[in-house]
> 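The structure that follows is given in the form of structure tokens.
Numbering of ligands and ligand atoms starts at 1, following listing order.
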Amino acid sequence: MTQTPVDIDLKDKRLVICSNREPYKVTPADSGYEYEATVGGLVSALIPIMRATGGLWVSWAGGGDLDKSELPSTQSLPAEEPKFTQRRVFLSEEEVNNYYYGFANQALWPLCHYFLEHARFLQEHWDAYRNVNAKFARAILEEVNIDNDLLWLQDYHMALVAGMIKDENPDITTSIFWHIPFPHSDFFRFIPWRVEILEGLLGNDVIGFHLPQYCRNFGRAVNDILGYDWDRENLEIYVEDRVVKLLPRGIGVNFEYFNGIGSDEETIEQARRIKQDLNCNRLILGVDRLDYSKGIKQRLLALERFLEEYPDYKGEVSLLQIAVPSRTHVPEYQAMKEEIDYHVGRINGKFSSNGWIPIHYFYYGLPQEELIAYYRAADVALITPIRDGMNLVAKEFAAARADEDGALVLGEMAGAASEFPDLVAVNPFDLYSCARALRAALEMSDEQRYRTMNAMREQVQKKDLKWWIEENLHELREAEQVSVS
Ligand code: F6P
């Protein structure tokens, strides 16, 4: 089953989005190709939108072993039931290494998540990033129809695209959503090419971030580094004769979809089998891309502390950590994996007994429907990133709990923490508080658990994916009308 489409009325307009990731991974098959929806927060959020609106999606033609030049540069997708068009941007291996693995994921990603120690600022990475952004800008300019299209760029891979587009055609209205945190100006200024990045982003008419804090950090950086005035209250930046609007709107999930699968009898039965197979009475669940920002190592140490502090839980509770392989060519990700492997082995060696093990560890991604069964099986979801723009797992977990049960222990550095004020969020480095929070979650009364879960579900349903899209597109249309009049 594919995700249920969201229902959005764009009136007479076509939506054009541009992201680094492509919507469907293509692999060769006996007769032609096979298409599989790409796993990832951004892509899973955007596929239902594009299916509903039938727009154009400009993206990298993707990785893998397939010779992508065999593929057409534009194609109607999904292959079995075409709804929208993909425009592929073909990149060489060297471009991918320097732009995606390089500048995007070894400069912008670590810096925006405050990991200066993992950041590398290499000229060849930056040159590739600029050239690849120029390729995306060119592809968009070739496809876009100014009178009919709404152009919505996605994420930190595309920082320069709007500036490049505006240089060629200043009348195009564009918006970008920055899916990761935007750091404080004192931190952002470590980037040697900070001026170009900020100028490029200011080519957009609207810049969306998950949180007001990220908007303020951006406004402050623009003011400190470029000297443009900005209005902290109204979140507007004044760039010569233009106004750039900053929009704080945290991304949501398709509540109906998760709730629907979560209440399915098959899912419930699958959830029962999961717990049985894992041989534990109470299940704690962690789900993340394997990324240093997700705090997986600290979480394992917190579990160790928990078992030391509350030994009665030995034999009773296990953590299942699902770590989805990610950016495996980047040395820091390889090192992180080794550390996690080490701690899983060490902690399991220390505590396992009589067929019970404290940590089950999957190093692979699961199809979304299967993941929902794990959400349903969990007594506690333990989500404790060191820094996370939003964290959709927390919202998916709540949406999937159609039984209104299950507790969430959330790290305070996740953007989602600011959306659940009733939840006591933990500091992922404070292992004692994490251990205490875990025990409190396991010992919560039924009444308190239902109340907390219900409050979360209400919030997730209210600010769902459809709300997020509508808010962003509404602002884009407003900006378009301003520039037309
Ligand atoms: O969280 C930021 C983000 O870029 C998401 O938007 C995306 O789904 C995820 O990271 C995965 O990243 P990548 O495309 O590098 O696998």
> Where on Arg327 is there a heavy atom closer than 4.0 Å to ligand 1, on the side chain, on the backbone, on both, or on neither?
side chain
> State whether Lys166 and Asp205 are salt-bridged, where the test is any N-O pair (Lys NZ or Arg NE/NH1/NH2 against Asp/Glu carboxylate O) under 4.0 Å.
yes
> Between His179 and Tyr156 (side chain of the first, backbone of the second, donor and acceptor by atom type, cut-off under 3.5 Å), is there such a pair?
no
> Identify, with sequence neighbours excluded, every residue that meets salt bridge (charged side-chain N to carboxylate O under 4.0 Å, His left out) alongside Arg249.
Glu471
> Looking at ligand 1, does any of its N/O atoms fall within less than 3.5 Å of an N/O of Tyr100?
yes
> Taking the six-membered ring of Trp193 as reference, does the NZ or CZ atom of Arg130 fall below 6.0 Å from its centre and within a 45° cone about the axis?
no
> Non-hydrogen atoms of Met390 versus ligand 1: any pair closer than 4.0 Å?
no
> So for ligand 1, is Ser326 a polar contact partner (N or O within less than 3.5 Å, distance only)?
no
> Taking only heavy atoms of Arg289 into account, list the atoms of ligand 1 that are under 4.0 Å away from them.
9 (C), 10 (O), 11 (C)
> Could you list the atoms of ligand 1 found under 4.0 angstrom from a heavy atom of Tyr156?
4 (O)
> Indicate, as side chain, backbone, both or neither, the part of Trp109 found under 4.0 angstrom from ligand 1 when only non-hydrogen atoms are considered.
side chain
> How close does the nearest protein non-hydrogen atom get to atom 6 (O) of ligand 1, and which residue and atom is it?
Asp155 OD2, 3.1 Å
> Answer yes or no: is there a donor N or O on one side and an acceptor on the other, between the side chain of His210 and the main chain of Ile251, under 3.5 Å?
yes
> Do side-chain atoms of Asp291 reach the backbone of Ser293 as a donor and acceptor pair under 3.5 angstrom?
yes
> Counting only heavy atoms not in Glu338, do more than 12 fall under 6.0 Å of its CD?
no
> Show the atoms of ligand 1 that are less than 4.0 angstrom away from any heavy atom in Arg21.
13 (P), 14 (O), 16 (O)
> Side chain, backbone, both or neither: which part of Val43 comes within less than 4.0 Å of ligand 1 when only heavy atoms are counted?
neither
> Where the side chain of Arg457 meets the backbone of Ala398, is there a donor-acceptor pair that is under 3.5 Å apart?
yes
> Could you see which bit of Asn20 sits under 4.0 Å from ligand 1, with heavy atoms only: side chain, backbone, both or neither?
neither
> Please could you name the atoms of ligand 1 that Leu42 approaches to less than 4.0 Å, counting only its heavy atoms?
6 (O), 8 (O)
> Tell me whether Ile180 has any N or O atom under 3.5 angstrom from an N or O of ligand 1.
no
> Between the side chains of Ser185 and Arg220, does any donor sit under 3.5 Å from an acceptor?
no
